[in-house]
Colleague: 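This structure is in structure tokens; I'll ask about it shortly.
Please read these numbers as outputs of a predicted model, since none were measured by experiment. Throughout, a chain's letter reflects where its sequence line sits, starting with A, and its residues are numbered from 1.
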There are 2 protein chains.
Amino acid sequence: MSKPKKTPRPKAETPKGFRDYFGSEVSERKAMLDAIAAVYHRYGFDALETSAVETVEALGKFLPDVDRPNEGVFGWQEADDEGKGDWLALRYDLTAPLARVYAQHRNDLPTPYRRYAMGPVWRNEKPGPGRFRQFYQCDADTVGSGSVAADAEICAMLADTLEEVGIPRGDYIVRVNNRKVLNGVLETMGLHDAGQRDAVLRTIDKFDKVGAAGVRELLTTGRKDASGAFIDGVGLSDVQAEPVLAFLTSKAAGVTQTLENLRAAVGDSEAGAQGVDELQDIAALLGAQGYGPDRIDIDPSVVRGLGYYTGPVFEAELTFEILDEKGRKRQFGSVAGGGRYDDLVKRFTGQAVPATGVSIGVDRLLAALREKGRMNSTTSGPVVVTVMDKSRMADYQAMVAELRQAGIRAEVYLGNPKNFGNQLKYADRRGSPIAVIEGGDEHAAGVVQIKDLILGAKIAESATLEQWKERPSQFEVPRVDLVTKVREILESQA
Amino acid sequence: MSKPKKTPRPKAETPKGFRDYFGSEVSERKAMLDAIAAVYHRYGFDALETSAVETVEALGKFLPDVDRPNEGVFGWQEADDEGKGDWLALRYDLTAPLARVYAQHRNDLPTPYRRYAMGPVWRNEKPGPGRFRQFYQCDADTVGSGSVAADAEICAMLADTLEEVGIPRGDYIVRVNNRKVLNGVLETMGLHDAGQRDAVLRTIDKFDKVGAAGVRELLTTGRKDASGAFIDGVGLSDVQAEPVLAFLTSKAAGVTQTLENLRAAVGDSEAGAQGVDELQDIAALLGAQGYGPDRIDIDPSVVRGLGYYTGPVFEAELTFEILDEKGRKRQFGSVAGGGRYDDLVKRFTGQAVPATGVSIGVDRLLAALREKGRMNSTTSGPVVVTVMDKSRMADYQAMVAELRQAGIRAEVYLGNPKNFGNQLKYADRRGSPIAVIEGGDEHAAGVVQIKDLILGAKIAESATLEQWKERPSQFEVPRVDLVTKVREILESQA
């Protein structure tokens, strides 16, 4: 085990764009994933866990964001006997692996195949503040059903999930749009040139940011952006741009009126009419199950993913206001999105397989709950048994063994016990509710000291001398009553 | 969204050595990880989740298996502005990232720092049958405590964990050895040449496979292996080899005798005596908490990791017999291992930080439980509401909404409903306990048909005509009693 000592010490750093998650950050996310999985499971979805690594060939280039650079994945080449093997890469989402799994195992899977998946995905992008290159996704998809009942079900499940994790009704809205309606609009406009259609789709994607007036400028003569730079327009006339804007702004007070507006926007297009019918069916199916427009609404202003999906698209937004970094009020915004995509499996098999699904941005949803103070803080540090006499470690270990057997989180202080102050500092840093002390005198008398650290901290902070006298934060109890007294104090703290 | 169609279709395959996990495979592993985490948490350990990606520099070459090739990780180079950035790699275990985290965050972490971590790790090795390049580890470590109380605690926690996940007392043993005792043995032997010491360590590592006689041959003149190939010996004399063999075989019926044998084996070596003292302390600490040698035993024949760790080493073995692929009885073997390693953090900071920990091989432990039939099979398929009339989808969705609100897993059949036989086949493939049927007649009469698929399958398999008459597997109930009747049948199946 001799080690060369010449090389400089390695840096103890995460790679750029990656981070560590500690304690309650881990357990809070886990609790949320568990809650989401329970809803998905109740809806009949089965778990699937694929590996982090896929062949680049299987992953393909199916990222929802069309502006992404091709080199958006972490990839490497396998070394085979000739030194040149397959290119492998880390998955960038959970949908591409699902398409591969369905194509690979379709003869053994039920049809339709409903699966949920949760886990990290990786994006080889420039990291920014709060933007990491590894993050969690949590998806549910139905593969092999072309029925809008499958889309409606995903929307209902999304609403149920948000409520299950702690977003109350009224604080979220699931908005539904349909790519087919947009196709119908483009058809009535006589826009048959593929390049121009793509340009219109890309423009629509900016509706969230630039609004109706901005989209009108971008569709026609161009627009000066906030930085003063001029963005060329698509070159449509004002009249030609009108149906697109009518589509984007067709949301009315009631679903019936919204659907009428859309029927007007698609004109004679059959595809467009079919798209409106689908939205109508979705609204009817959801209405029959009690999901009204206060929870799930038809809203043609949803544009995210409209260029990627082939049918209905959905987006869940949190509607409560938070303060942004500059102290301005703004809505929290999107936490989940999805839609119907019928081409993913076709890449592998040549046969189109209808599919629809949703992806929840778990980390954003966690941030929202923290923002609203709706996360029950899990600061349940362990009971710390202090070490007054190193040679009596076995006795202290026996105490924690008793506490643990009673289901109480507990540990012996395992650092250097010389400085007792350090032991209490450690307990403080761990967020310990209770410290147990048994010195030589206590041992001889068959008692232990039990310190209520939560109450102790409160008293130190604010109490008057009178209160201090009335409510002691340290108790001497017989050794045999250790577990009982600890439990009593823990209950008084809860 | 125009796609070039010239390229050949991608293959729908996992990369070599990777696999997918479906349904109960995922949920059974999750249940086990949850159970383990609960024990770790009760012992005062905090969760830590690092990213899958680390710099190669931070990972270093600290694999426990000294025979591993350097290229055992999946790595790639970051592209920075000059095209040449850091080398990154997927973590190969959870210990190297812990060392990096502790070095990076040591000023903010409590000392000692107890953390647990669970998740996949990746090894760039030749895959074999049952050997995958991504697998789960589940670790707990105490960093910053040199006390053997920390080692003893890890052993106790390991025993508790095995019982918690379903391995009963008597079916496992945690065996403890100590590298320092071996160091003492080598010292008394006068073996000061580093190369020869390493050769002896490597030989000891084969004790599991070749036994005492084999180790004696390998330490002296060499040995012919099963394939007929001759392995050179280390070149010790029989007399020189004796203390090593005495050490390996010093296990006696009682702990006291084992420790006496070890004291004899280390002779005058101070390091060796210290090692024996540590084992004695560990046994005493564990004994005081009720962990006798039936659960945790001092056993110098544990050699796995002896070359890697610097103090106590532990290994958990399952002692029940299973049949191997050739139908021969053999013990299931090792499912967890660990020990004390005091040099990992030193790489980064220059300061030695004592640390001890354990890693559980979750997939092997799952295999063991399946082998023993101790996995409660989670074949809880959803109640399937069939579709008799496509235009009444909203009614069927309302049924599943009611069932789900009652906490019952349920779904509407979302495939093509034309062929009713396909719907029942689907329910069968999903492992559904119940199918619900509501055709036009039923709807008019305000009733539904509820089919007990579990009982139905049993009757079809084995029942006589008499029994069939007595216990119908299909019931007609008022629509309003749907949830009540479904729950009743589910309870009768449980």
Side-chain angles (χ1 to χ4, degrees), chain A residues 2 9-15 18 20-23 26-27 41-44 46-53 55 57-58 60 74 76 86 88 100-101 103-104 110-112 134 142 145 147 149-150 194 284-285 288-289 347-348 382 393-394 397-398 401 404 409 411-412 414-415 426 429-430, chain B residues 2 9-13 15 18 20-23 26-27 41-44 46-53 55 57-58 60 74 76 86 88 100-101 103-104 110-112 134 142 145 147 149-150 194 284-285 288-289 347-348 350 382 393-394 397-398 401 404 409 411-412 414-415 426 429-430:
Chain A
S2 65
R9 283 185 202 140
K11 282 192 224 92
E13 282 176 5
T14 43
F18 292 90
D20 303 312
Y21 295 85
F22 293 91
V26 179
S27 42
H41 184 262
R42 198 157 70 232
Y43 268 78
D46 272 351
L48 170 67
E49 188 169 329
T50 61
S51 61
V53 180
T55 65
E57 184 188 353
F74 292 103
W76 63 89
D86 289 340
L88 304 184
R100 193 265 305 151
V101 165
Q104 185 173 348
T111 296
Q134 171 175 330
T142 300
S145 172
S147 165
L285 282 167
Q289 294 170 70
R347 284 182 63 231
F348 295 101
M393 186 57 94
Q397 292 281 13
R404 288 165 184 162
R409 191 179 193 208
E411 58 170 70
V412 172
L414 288 180
Y426 171 83
R429 189 164 258 197
R430 292 301 310 275
Chain B
S2 63
R9 282 185 202 140
K11 281 193 225 89
E13 281 176 5
F18 292 90
D20 303 312
Y21 294 85
F22 293 92
V26 179
S27 42
H41 184 262
R42 198 157 70 232
Y43 268 77
D46 272 352
L48 169 68
E49 188 170 329
T50 61
S51 62
V53 179
T55 64
E57 185 188 351
F74 292 103
W76 63 90
D86 289 340
L88 304 183
R100 194 264 307 151
V101 165
Q104 184 173 349
T111 297
Q134 171 175 330
T142 300
S145 172
S147 165
L285 283 167
Q289 294 171 69
R347 284 183 62 231
F348 295 102
M393 187 56 95
Q397 292 280 14
R404 287 165 184 161
R409 191 179 193 207
E411 57 170 71
V412 173
L414 288 179
Y426 171 84
R429 191 165 256 197
R430 292 300 311 275

Colleague: Please state whether the side chain, the backbone, both or neither of A:Tyr426 comes within less than 4.5 Å of a heavy atom of chain B.
Modeller: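 Side chain only.
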Colleague: Can you tell me which portion of A:Leu88 sits under 4.5 Å from chain B's heavy atoms? Options are side chain, backbone, both or neither.
Modeller: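 The side chain, not the backbone.
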Colleague: Would you mind telling me which of A:Pro110, A:Ser147, A:Ala401 has the largest number of heavy-atom pairs within less than 4.5 Å of chain B?
Modeller: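 Looking at each option in turn, the highest pair count goes to A:Pro110.
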Colleague: Using 30° and 60° as the class boundaries, would you call the ring planes of A:Phe74 and B:Trp76 parallel, tilted or perpendicular?
Modeller: tilted
Colleague: Quick one: closest heavy-atom pair of A:Ala394 and B:Ala288, and the distance?
Modeller: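 That would be CB-CB, 3.6 Å.
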Colleague: In terms of heavy-atom pairs under 4.5 Å, which option from B:Val101, B:Val412, B:Leu48 contacts chain A the most?
Modeller: B:Leu48
Colleague: Out of B:Pro112, B:Gly415, B:Ala52, which one racks up the most heavy-atom pairs below 4.5 Å with chain A?
Modeller: B:Pro112
Colleague: Which one wins on heavy-atom pair count under 4.5 Å against chain B: A:Thr14, A:Thr142, A:Thr111?
Modeller: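 Heavy-atom pair counts peak at A:Thr14.
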Colleague: Between A:Thr55 and chain B, which part of the residue has a heavy atom less than 4.5 Å away: side chain, backbone, both or neither?
Modeller: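 Both backbone and side chain.
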Colleague: Contact part of A:Pro382 toward chain B, heavy-atom cut-off under 4.5 Å: side chain, backbone, both or neither?
Modeller: side chain
Colleague: Return the option, out of A:Ala398, A:Ala284, A:Gly44, A:Ala149, with the maximum number of heavy-atom pairs under 4.5 Å with chain B.
Modeller: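 The option with the most such pairs is A:Gly44.
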Colleague: Which atom pair, heavy atoms only, marks the closest approach of A:Arg9 to B:Arg347?
Modeller: CG-O, 3.4 Å
Colleague: Testing the basics here: between A:Gln104 and B:Asp20, what is the closest heavy-atom pair and its distance to 0.1 Å?
Modeller: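 Heavy atoms of A:Gln104 and B:Asp20 come nearest at OE1-OD2, 4.3 Å.
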Colleague: Measuring heavy-atom distances to chain B, does A:Arg429 have an atom under 4.5 Å in its side chain, in its backbone, in both, or in neither?
Modeller: side chain
Colleague: Find the distance between NZ (A:Lys11) and CG (B:Asp86) and round it off to the nearest 0.5 Å.
Modeller: 6.5 Å
Colleague: Atom CD in B:Gln289, atom CD in A:Gln397: separation rounded to 0.5 Å?
Modeller: 4.5 Å
Colleague: Let me confirm one number: the CZ-CG distance from A:Arg409 to B:Asp46, rounded to the nearest 0.5 Å.
Modeller: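 The CG atom of B:Asp46 is 5.0 Å from CZ of A:Arg409, to the nearest 0.5 Å.
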Colleague: Can you tell me which of B:Arg100, B:Glu13, B:Arg404 forms the most heavy-atom pairs within a distance under 4.5 Å of chain A?
Modeller: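 Option with the top pair count is B:Arg404.
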Colleague: For chain B, find which of A:Ala103, A:Ser51, A:Ala150 contributes the most heavy-atom pairs closer than 4.5 angstrom.
Modeller: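 Of the options given, most contacts go to A:Ser51.
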